[in-house]
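Input: a single structure, listed below in structure tokens.
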Amino acid sequence: MAFNPRAISTALASMAFICGVSVAQAGDGKASGPDPISEGAAVYATFHSDVSNVRNKPLASASDIETTLNNLGGQNPDKLSSGWLAYSAMIAAQDPEYREAVRDIASFYGEDSLRLGLRNDIRYARTLSGGTGAVTSALGATQADRRRLEGAGAYVKEQAYSLQGTSWAKARVANTQGLINGMRTTAISGRPVRGEINTAFGGSDIDAVLSKAAGNSTESLWDGVTTAAGAVNFPDLSLGYSGRDARIRAGKEPIADKIATLAAYRVLGAEDMPASEMRTALKERSTKNCLNMAQLNLHQCVAAAHKQYEVPFCIGEHALTEVGTCIGDVTQ
């Protein structure tokens, strides 16, 4: 692999001097525990399981509409944005060249020195050999997810028209404020992660699954995910072509840098990193703000609805399509 040891050593030493922190200090406070990247990705996976439910089962009652509204509209924007970042990082971490670069530098200079560079310069991780390729692979998966959400949104919005001839769907929405309050209550903590999904993403074989299945196809991984006997089954999309044609949108480079940084933490072992360091790495303001606006738009749309059949349009437009735009805006 190609990297310049002298340049990297100088850069790390400079950052340590500027910040007044010694390389030896960077490793203080490490404690093994749950992997926050796997846990975050499980939040994103649970969201997509809710999307699968609405794609696979037409809305057949006012109760179906309310359940779907609460599930998709009850996302916590902070947790969902972090979950998308975490999942993207897990995809990026499968890139062989990038994994080798991270491990080689950690071995040559010490893991603490590498972590110091990751913490002090968000741009640093993507400059490592394979960094940009790893990120664009993850963004290929994001593009597929965006298409999935747009397709699901179109399907649900179509039901807003087809249900107009159904008697129950022509009834008035009895309590729009109650629906909005229900979403707000759920969103405080966010949708609970499904147990089997949490188990799958915390398993030792998840990296092997993702190295074959995601970022290597025009299809979304989540289109083929099934659950049977309490276990999550992933599709094999390895025969598709790579998603490396994805390009980072101008002005969105900091998000790409975040993905590369998190992928490096994943390679190093995120469960061994200080919790405060990981919380900071998993925060991304612009995607969170976009998801928050999508949620507010959903609330306003529901508030303006009079008939039951009008609510699916709100779900399709703001809880699905607009969410897809938020995560997909990083690519062009």
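A quick note: this is a predicted structure, and the numbers were derived from the prediction, not measured.
Taking all atoms of both residues into account, the shortest heavy-atom contact from L221 to P235 is O-CG, 3.5 Å. Closest approach of F313 to C301, counting heavy atoms only: CD2-SG, 4.4 Å. Taking every heavy atom of both residues into account, L59 and P312 meet most closely at CD1-CG, 3.7 Å. S129 and A101 get closest at one heavy-atom pair: O-CB, 3.4 Å. Between N76 and I188, the shortest heavy-atom distance links the atoms ND2-O, 3.1 Å. For the pair Y98 and A264, the tightest heavy-atom approach, listed with the atom from each and the gap, is OH-CB, 3.6 Å.
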Verify side chain to side chain contact (heavy atoms under 4.5 Å, CB included) between L80 and W84, making sure each step is shown before the conclusion.
-> CA-CA 6 Å; L80 185 58; W84 166 70; 5.9 Å; no
Between F201 and D35, does a side chain to side chain contact (heavy atoms under 4.5 Å, CB included) hold up when you go through it step by step?
-> CA-CA 10 Å; F201 273 82; D35 176 5; over 6 Å; no
Take S38 and R266 through the side-chain hydrogen bond (donor to acceptor under 3.5 Å, both in side chains) test and state the conclusion after the steps.
-> CA-CA 9 Å; S38 294; R266 173 73 180 178; 2.7 Å; yes
Test side chain to side chain contact (heavy atoms under 4.5 Å, CB included) on D50 and R191 and set out the steps.
-> CA-CA 10 Å; D50 288 334; R191 289 274 291 142; 3.0 Å; yes
Can you check side-chain hydrogen bond (donor to acceptor under 3.5 Å, both in side chains) on Q94 and D207, steps first, answer last?
-> CA-CA 7 Å; Q94 306 315 311; D207 287 318; 2.9 Å; yes
Start with the C-alpha distance between E66 and N70, add both sets of side-chain angles, then the distance that settles side-chain hydrogen bond (donor to acceptor under 3.5 Å, both in side chains), and finish with yes or no.
-> CA-CA 6 Å; E66 184 171 350; N70 198 54; over 6 Å; no
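Between D78 and K283 there is a salt bridge, with a side-chain nitrogen of the basic residue lying less than 4.0 Å from a carboxylate oxygen of the acidic one. Under the 4.0 Å criterion applied to side-chain N and carboxylate O atoms, R115 and E277 are assigned as salt-bridge partners. The pair D257-R123 does not meet the salt-bridge criterion, since no charged nitrogen lies less than 4.0 angstrom from a carboxylate oxygen.
With a 4.5 Å cut-off on side-chain heavy atoms, L296 and N292 count as touching. Between I255 and L85, some side-chain heavy-atom pair lies under the 4.5 Å cut-off. Side-chain contact check for S88 versus T142: some heavy-atom pair is nearer than 4.5 Å. For the pair R194/T227, a side-chain contact is recorded, criterion being any heavy-atom separation below 4.5 Å from C-beta on. At a threshold of 4.5 Å between non-hydrogen side-chain atoms, the residues E271 and E39 do not count as touching. The closest side-chain heavy-atom distance from L114 to Y109 is not below 4.5 Å. Two residues are said to be in side-chain contact when any heavy atoms from C-beta on lie closer than 4.5 Å; R55 and V156 fail this criterion. Within the 4.5 Å cutoff, the side chain of T166 has no heavy atoms near those of the Y309 side chain.
The aromatic rings of Y87 and W222 are tilted relative to each other, their planes meeting at an angle between 30° and 60°.
Side chain of Q295 to main chain of Q75: a donor-acceptor pair is present (N/O by atom type, distance under 3.5 Å, no hydrogens or angles). Side-chain N or O atoms of T68 include none that pairs as donor or acceptor with a backbone N or O of I65 at under 3.5 Å. Not a single donor-acceptor pair under 3.5 Å links the side chain of Y155 to the backbone N or O of V54. At least one donor-acceptor pair closer than 3.5 Å links the side chain of S211 to the backbone N or O of A208. Within the 3.5 Å criterion, the main-chain N or O of T331 finds no donor-acceptor partner in the side chain of K252. A side-chain donor-acceptor contact under 3.5 Å links R249 to the backbone of D329. No side-chain donor-acceptor contact under 3.5 Å links S137 to the backbone of A134. Side chain of T287 to backbone of I327: no donor-acceptor contact under 3.5 angstrom is found. Side-chain N or O atoms of T321 include one that pairs as donor or acceptor with a backbone N or O of G316 at under 3.5 Å. Put simply, the side chain of E253 gets close to the backbone of G251: a donor and an acceptor are under 3.5 Å apart.
By the criterion of side-chain heavy atoms lying less than 4.5 angstrom apart, applied directly or through intervening Ile, Leu, Val, Met, Phe, Trp or Tyr residues, V302 is not grouped with M293; the two fall into different hydrophobic clusters.
Of the inter-residue distances, the one linking R126 atom CZ with D121 atom CG reads 11.5 Å to the nearest 0.5 angstrom. Here the CE-CG distance, from M90 to L262, works out to 11.5 Å after rounding to the nearest 0.5 Å. In this structure, the separation between CD on E150 and OG1 on T325 is 6.0 Å, given to the nearest 0.5 Å. Distance check, rounded to the nearest 0.5 Å: OG of S52 to CZ of F47 gives 10.0 Å. One distance of note links CG of D64 with CH2 of W168; it measures 7.0 Å at 0.5 Å rounding. Here the CD-NZ distance, from Q308 to K170, works out to 13.5 Å after rounding to the nearest 0.5 Å.
The side chain to side chain contact (heavy atoms under 4.5 Å, CB included) with V51 is formed by just one residue from the set N71, L72, T46; it is L72.
Clustering of Ile, Leu, Val, Met, Phe, Trp and Tyr by side-chain heavy atoms under 4.5 Å joins V193 with V43. Applying the under-4.5 Å side-chain rule to Ile, Leu, Val, Met, Phe, Trp and Tyr, the cluster around I122 consists of that residue alone.
Atom CZ of R184 has more than 12 neighbouring heavy atoms from other residues, nucleotides or ligands inside a 6.0 Å radius.
Among residues two or more places apart in sequence or in another chain, the salt bridge (charged side-chain N to carboxylate O under 4.0 Å, His left out) test is passed with K288 by none.
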